[in-house]
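Report on one structure; see the data block that follows.
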Amino acid sequence: NSLYLHAAYLNVPSYIQWVLTLDPTWMFKDMRRILQYMQWQHFDGKRRRWLLKTPSLLGTEEVFAKVFPGVDFIVTHRHPELVLASAAALLCGALEHYNDGDYSGSAGEIMLANFGETVKRHLQWRDSYPADKVLDVRFDDIVHKEFEVLPCIYEFLNIPFSETSRQNIQQWLAMDTARRQPSRRFTLAQYGLDPSRVNEKFSGYIQRYGTFFCFAAVDGCRAQGGPEGSG
């Protein structure tokens with residue numbers, strides 16, 4: 001899996017396909033040992049849950065869940081058109097550190113292929129993993145409606161959402177707002193992609209989770225994203 005993260009920045013499809021055939025179990029086992037060591041060093045005797053945040057987990061959830069049995073997943077959703085443009089910009093920014101080439105013409109195709117494969121694997125995993133162990137939320141709600149979606153997340157994890165929790169989050173948001181840089185907007189056209197191709201590539205995902213793309217109030221803490229977003 002760590003090889004794939006490196007391969008994702010290369011325009012070598014055959015190499016990427018080879019990397020995707022490798023078993024990432026060893027990487028997650030190594031990760032578990034590191035977490036166990038950190039827990040022993042700093043949190044010995046404290047039965048606290050680990051919160052792990054990593055977009056690179058997409059597509060490898062099945063193996064991750066075998067290494068960490070009983071794990072709960074929180075999946076955020078937004079339209080692939082927005083994700084692909086941002087991912088292509090990130091790819092170009094990473095490559096600019098190592099050469100003077102212009103990758104705007106190929107970055108879109110690379111991200112379209114790579115994300116298409118990982119999302120396909122994610123959907124396959126979702127069909128077999130217990131629905132009550134996954135919470136789907138709108139990305140827009142995470143960004144704009146924090147105090148409506150956070151109690152739902154706490155409830156899903158069986159953690160009380162206390163007034164202290166609310167105050168700590170408010171303090172963090174104030175700090176983050178003060179240091180935040182103006183956001184940049186990217187378009188598919190900048191990277192040679194057409195919305196129709198993106199929608200075709202991710203049609204299965206869009207059909208299943210499309211109700212999570214639009215900004216809207218949180219309807220219910222336990223709503224799951226089944227086919228057509230119905231649960």
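No experiment lies behind these values; they were computed from the predicted model shown.
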Pair D72 + R49, salt bridge at N-O below 4.0 Å: yes
Heavy-atom side-chain proximity of T76 to D141 below 4.5 angstrom: no
Non-hydrogen side-chain atoms of C152 and F156 separated by less than 4.5 Å: no
SB check D136 R126 (cutoff 4.0 Å): yes
Rounded distance (nearest 0.5 Å) linking atom CZ of F139 with atom NE2 of H79: 15.0 Å
Ring centers of W125, F73 separated by less than 6.0 Å: yes
H77 and Y205 aromatic centres sub-6.0 Å: yes
Heavy-atom check, side chain of L82 versus side chain of F186, under 4.5 Å: no
Check: F64 ring centre within less than 6.0 Å of F68 ring centre: yes
Heavy-atom check, side chain of T25 versus side chain of K66, under 4.5 Å: no
Student check: side-chain heavy atoms of I153 and L135 closer than 4.5 Å: yes
Pairwise side-chain contact, V149 with R138, heavy-atom cut-off 4.5 Å (strictly under): no
Ion pair check, R197 and E109, cut-off under 4.0 Å: yes
Side-chain heavy-atom pair V75, H122 within 4.5 angstrom cut-off: yes
Short side-chain to backbone donor-acceptor contact, D176 and W172, under 3.5 Å: no
Which atom of K201 lies closest to which atom of L112, heavy atoms considered: CE-O, 3.7 Å
CG-OG1 distance between L193 and T187, expressed to the nearest 0.5 angstrom: 9.5 Å
Y191 side chain reached by C92 side chain, heavy atoms, under 4.5 Å: yes
